[in-house]
**Student:** 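Sharing a structure, written as structure tokens. Questions coming.
Throughout, a chain's letter reflects where its sequence line sits, starting with A, and its residues are numbered from 1.
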There are 2 protein chains.
Amino acid sequence: MDKSTTKQRLLDVAEKLFADSGYHCTSLRKITAEAGVNLASVSYHFGSKEALVEAIFERRLRPLNEERLGRLEAVRADAAAAGRKPTAEEALRAFIEPTLRFRDSAPGARYFLHLIGRALTEPDDAVRSIFFRMVGPLFALLFEVLTETLPNLSRNQVFWRLNFAIGAISRCTFLPEKLPVVPPGVELEPSPDLQIDMLVGFLVAGMEAS
Amino acid sequence: MDKSTTKQRLLDVAEKLFADSGYHCTSLRKITAEAGVNLASVSYHFGSKEALVEAIFERRLRPLNEERLGRLEAVRADAAAAGRKPTAEEALRAFIEPTLRFRDSAPGARYFLHLIGRALTEPDDAVRSIFFRMVGPLFALLFEVLTETLPNLSRNQVFWRLNFAIGAISRCTFLPEKLPVVPPGVELEPSPDLQIDMLVGFLVAGMEAS
DNA sequence: GTCTATAGATTGATAGAC
DNA sequence: GTCTATCAATCTATAGAC
């Protein structure tokens, strides 16, 4: 017997279905049917489908972003206290570790990670705007820290390398069944720590390339 | 006066609108209205909306894939003829150069590039399958060449590094107005050759990281 | 807060005249 | 090949009883 409230169940089910099939392919009827609640409850609790997806982002992304911002600011402060610049590895780990460890942090968090991996390329302008508005300040800070970290690179180069890194990271937030067909002998869902090491090794080398 | 045939115009306009707003947010009515043709002409010429998007992929992706496959096989053959393994840079350039130069190769090609950048994360299973089916053999060959190129890495490591690279490359196929908000002083649409150099420098370093 | 019922709009697809 | 007209299904959102 599921004792959670209607509002909770809507958030949980919608998060999973939006991740699985995307925003537009998931109707409110599918969500309310799978949640076992009435169709009209979406309007009552959230107001609209768009407000529902915004509430989903709000619930998970706000604490995740606060953790990443805090880590980034700590990296900056620690380096300053030691009278040096942060390293690219410190900056990247501050962003990547909370992101990839988020997957196992709560039931349903894996679906949300898939959702934000797709949000970068979301076709719906309103939905993409919700996401960009919430991650914009974080990206801006990461960009600033990386420009300090890599003084040999132009701002343009840092921007594009950060963009490459974002694309690489987003490939780790996808549910394994959504990846392209893969060769045998490959671990489709590595542990977060292994994935972090693979990513950081790859990205630090790319970021620091001459 | 546009003298191209109805079928051509449907392909051109649908490619642009699918790139701009995604498959599900673009109705056949929007497409036929902008193309200045009758709604029923989609059924007549293609049969369905899904067959239309498949024809779009077929038209552009088939020649692009043949070029990339040919370049990859040439890299392999040239190295074998010289009695050595291909380098990671050769393998990556064989994939990346045709991809990014494709943008300016024909009117509308830029929209198609945006479309395949989004196809990796396409929520609609049928549409994503069309794309994966067409690029599957190419990814498989690229994976094989990279495993030969990087004998120190496990197949798992090569797979994930290739996955990271695909994610990074996909950030270069996007139309600039779809990128997240960017800092001032950044070139949103670099020339293909500059973008290739930035990408290859970044990815070769990442691929060869110890 | 939850429900039924339905409004109001839009969609992909097609039948059939020309 | 092109057109009009329309079907049947789907969608989000809401009014109003309980």
**Student:** Does D:dC11 have OP1 or OP2 sitting under 4.0 Å from an N or O in the side chain of A:His24?
**Tutor:** no

**Student:** Give the table of side-chain donor-acceptor pairs shorter than 3.5 Å for residues 166-181 of chain B, with sequence neighbours excluded, one pair per line with atom names and distance.
**Tutor:**
unit_1, atom_1, unit_2, atom_2, d
B:Ser170, OG, B:Gly167, O, 2.8
B:Arg171, NE, A:Asn163, OD1, 3.2
B:Thr173, OG1, B:Leu113, O, 3.4
B:Thr173, OG1, B:Ser170, O, 3.0
B:Lys178, NZ, B:Asp20, O, 2.9

**Student:** Taking only N/O atoms, report every protein-nucleotides 13-17 of chain D pair under 3.5 Å with atom names and distance.
**Tutor:**
unit_1, atom_1, unit_2, atom_2, d
D:dA13, OP2, A:Lys49, N, 2.9

**Student:** Does the pair A:Asp12 and A:Arg9 meet the rule for a salt bridge (charged side-chain N to carboxylate O under 4.0 Å, His left out), with working shown?
**Tutor:** CA-CA 5 Å; A:Asp12 292 339; A:Arg9 299 177 59 171; over 6 Å; no

**Student:** side-chain hydrogen bond (donor to acceptor under 3.5 Å, both in side chains): which pairs involve residues 38-51 of chain A, sequence neighbours left out?
**Tutor:** none

**Student:** If the cut-off is 4.0 Å, is B:Thr6 near the phosphate of D:dG1, judged by side-chain N/O to OP1 or OP2?
**Tutor:** no

**Student:** Distance check needed: C:dG12 C1' versus B:Phe18 CZ, whole Å only.
**Tutor:**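 Checked: the CZ to C1' distance equals 12 Å.
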
**Student:** I'd like to check the side-chain contact (heavy atoms from CB on, under 4.5 Å) partners of B:Val13; sequence neighbours left out, ordered by chain and number.
**Tutor:** B:Leu17, B:Ile31, B:Glu34, B:Ala35

**Student:** For A:Arg133, enumerate each residue passing the salt bridge (charged side-chain N to carboxylate O under 4.0 Å, His left out) test, keeping only those at least two apart in sequence or located in another chain.
**Tutor:**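 Partners of A:Arg133 by the salt bridge (charged side-chain N to carboxylate O under 4.0 Å, His left out) criterion, ordered by chain and then number, come out as A:Glu54.
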
**Student:** Measure the distance from CD on B:Gln8 to P on D:dG1 and round it to the nearest whole Å.
**Tutor:** 12 Å

**Student:** Using a cut-off of strictly less than 4.0 Å, decide whether B:Ser41 has a side-chain nitrogen or oxygen near OP1 or OP2 of D:dT2.
**Tutor:** no

**Student:** List for me each residue that meets side-chain contact (heavy atoms from CB on, under 4.5 Å) alongside B:Ala74, sequence neighbours excluded, and say none if there are none.
**Tutor:** none

**Student:** Would you say a side-chain N or O of B:Asn38 is under 4.0 Å from OP1 or OP2 of D:dT4?
**Tutor:** yes

